[in-house]
Asker: 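Provided herewith is a single structure, encoded as structure tokens, for subsequent inquiry.
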There are 2 protein chains.
Amino acid sequence: MDKYDPLKLENQLCFPLYACAKEIVRKYKPFLEELDLTYTQYITMMVLWERKEMNVKTLGEWLYLDSGTLTPVLKKLESKGYVTRKRQKKDERNLCVSITEKGEELKNSAIEIPGKMGACISLSPDETKNLYELLYKMLRIL
Amino acid sequence: MDKYDPLKLENQLCFPLYACAKEIVRKYKPFLEELDLTYTQYITMMVLWERKEMNVKTLGEWLYLDSGTLTPVLKKLESKGYVTRKRQKKDERNLCVSITEKGEELKNSAIEIPGKMGACISLSPDETKNLYELLYKMLRIL
DNA sequence: TGCACTTTTATTGTATACAATTTAATTTAC
DNA sequence: GTAAATTAAATTGTATACAATAAAAGTGCA
């Protein structure tokens, strides 16, 4: 009868995406625990390792997160001494998040994480590239 | 200098996966709101539309969720009248979750969602198949 | 039988996520 | 030049997620 039922979990594209994302974040956990970072804190630091300084709105655009999520994450990172939070002189509405010296140093401890994670995922380079491009294509559409 | 920095967000496979999953769930939201379901409630119902009855542990294995997440979701679905929760006679440790008549009827309202979502995602059939298979390959590894 | 061990679910505590609202600062319209 | 509109961040409320623990039920073996 219903040989193909669109409402079966296994016929959904969304579900493996959702499950995969969760499982990968879970895989990161032991590596990130060594740095006392959560995944959200980690990707926030990744942006700051690259850009040094950014307001909350732009950070949110990079990370696909809003201020409701970022505000507590940034306060946490500030309390750990990895970032500073200051209102911009030119426009006090903007909160400028800057990486500290201690935040920069954290990068040295994080540098091995991508390699370790790559070993966990173990897709071929072609498959990885393929997946990467499909995901970014989808992100552009969404 | 650092032409290729593994700690750049854009060089990570994990990040587009994480972002894509979130954005897709967000895309579902307006469709699911019409049914007064959250995404987690929706995928739970999808399993029950297919299997009618399942204990929490097996449900968790299908959905990659644990009892800490499922218990409140199932209580909510029970309060809406879509499922019942009963201890199994044979082994009282197991909680048997069963779909109700009202739960079955909900499927008629949900039937159009996958098509609407497919229109939002708009990858080609080949790309969709490709992505689907890469994600399931990865899930098997993880 | 009885007691250690395992299994299943529920609870607790922490950290996201995000919609909706609020607050404060800035810009636009007129 | 000021009121209205817009913008950025923070706050509030709801719903996940998940680790760790607790509680209850079942199993196995001396």
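We name chains A, B, ... by the order of the sequence lines, and we start the count at 1 in each one.
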Asker: Need to verify one output field. Residue with the more 5' nearest nucleotide on DNA chain D, Lys22(A) or Thr58(A)?
Answerer: Thr58(A)
Asker: May I ask you to decide whether Glu92(A) forms a salt bridge with Arg87(A), counting only side-chain N to carboxylate O separations under 4.0 Å?
Answerer: no
Asker: Can you measure Glu61(A) atom CD to dT7(D) atom C1' for me and round it to whole angstrom units?
Answerer: 12 Å
Asker: Rounding to an integer number of Å, can you tell me how far Leu74(A) CG sits from dA8(D) P?
Answerer: 16 Å
Asker: Taking any heavy-atom pair under 4.0 Å as a contact, classify Asp66(A): base, sugar-phosphate, or nothing.
Answerer: base
Asker: Would you kindly give the CZ-to-C1' distance between Arg85(A) and dA9(D), to the nearest whole Å?
Answerer: 9 Å
Asker: Among dG26(D), dT11(D), dT6(D), find the nucleotide with the atom closest to the side chain of Arg93(B).
Answerer: dG26(D)
Asker: Which is true for Thr69(B) with a 4.0 Å heavy-atom rule: it touches a base, it touches only sugar-phosphate, or it touches nothing?
Answerer: base
Asker: For a quick check of understanding: with a heavy-atom distance under 4.0 Å over all strands, which category does Ser67(B) fall into, base, sugar-phosphate or nothing?
Answerer: base
Asker: Using whole Å, report how far CG of Asp91(A) lies from P of dT6(D).
Answerer: 17 Å
Asker: When all nucleic acid strands are considered with a 4.0 Å heavy-atom cut-off, which category describes Val73(A): base, sugar-phosphate, or nothing?
Answerer: sugar-phosphate
Asker: Nucleotide range of DNA chain C contacted by chain A, 5' to 3', under 4.0 Å to a heavy atom?
Answerer: dA15(C) to dT26(C)
Asker: Checking salt bridge (charged side-chain N to carboxylate O under 4.0 Å, His left out) for the pair Lys29(A)/Glu33(A): CA distance, chi angles, key distance, verdict?
Answerer: CA-CA 6 Å; Lys29(A) 206 156 282 184; Glu33(A) 265 168 12; over 6 Å; no
Asker: Which residue in the set Tyr28(B), Tyr39(B), Tyr18(B) passes ring pair (Phe, Tyr, Trp, His ring centres under 6.0 Å) when paired with Tyr18(A)?
Answerer: Tyr39(B)
Asker: Check whether Lys22(B) reaches the backbone of Tyr64(A) with its side chain - one donor and one acceptor, N or O, closer than 3.5 Å.
Answerer: yes
Asker: Give, for atom CE of Met46(A) and atom CD1 of Ile113(A), the distance between the pair rounded to the nearest 0.5 Å.
Answerer: 9.0 Å
Asker: What is the separation between atom CG on Leu95(A) and atom P on dT11(D), rounded to the nearest whole Å?
Answerer: 11 Å
Asker: Select from Arg26(A) and Thr71(A) the residue whose nearest nucleotide in DNA chain D is closer to the 5' end of that strand.
Answerer: Thr71(A)
Asker: So, Lys57(A) and Glu61(A), do they make that salt bridge, N to O below 4.0 Å?
Answerer: yes
Asker: If you assign each of Lys76(A) and Val56(B) to its closest nucleotide in DNA chain C, which residue comes earlier from the 5' end?
Answerer: Val56(B)
Asker: Charged N to carboxylate O below 4.0 Å: is that the case for Asp5(A) and Lys107(B)?
Answerer: yes
Asker: In this structure, how many angstroms lie between the P atom of dA23(D) and the CZ atom of Arg87(B), rounded?
Answerer: 15 Å
Asker: With sugar-phosphate meaning primed atoms plus P, OP1 and OP2, does Leu65(A) contact a base, only sugar-phosphate, or nothing at under 4.0 Å between heavy atoms?
Answerer: sugar-phosphate
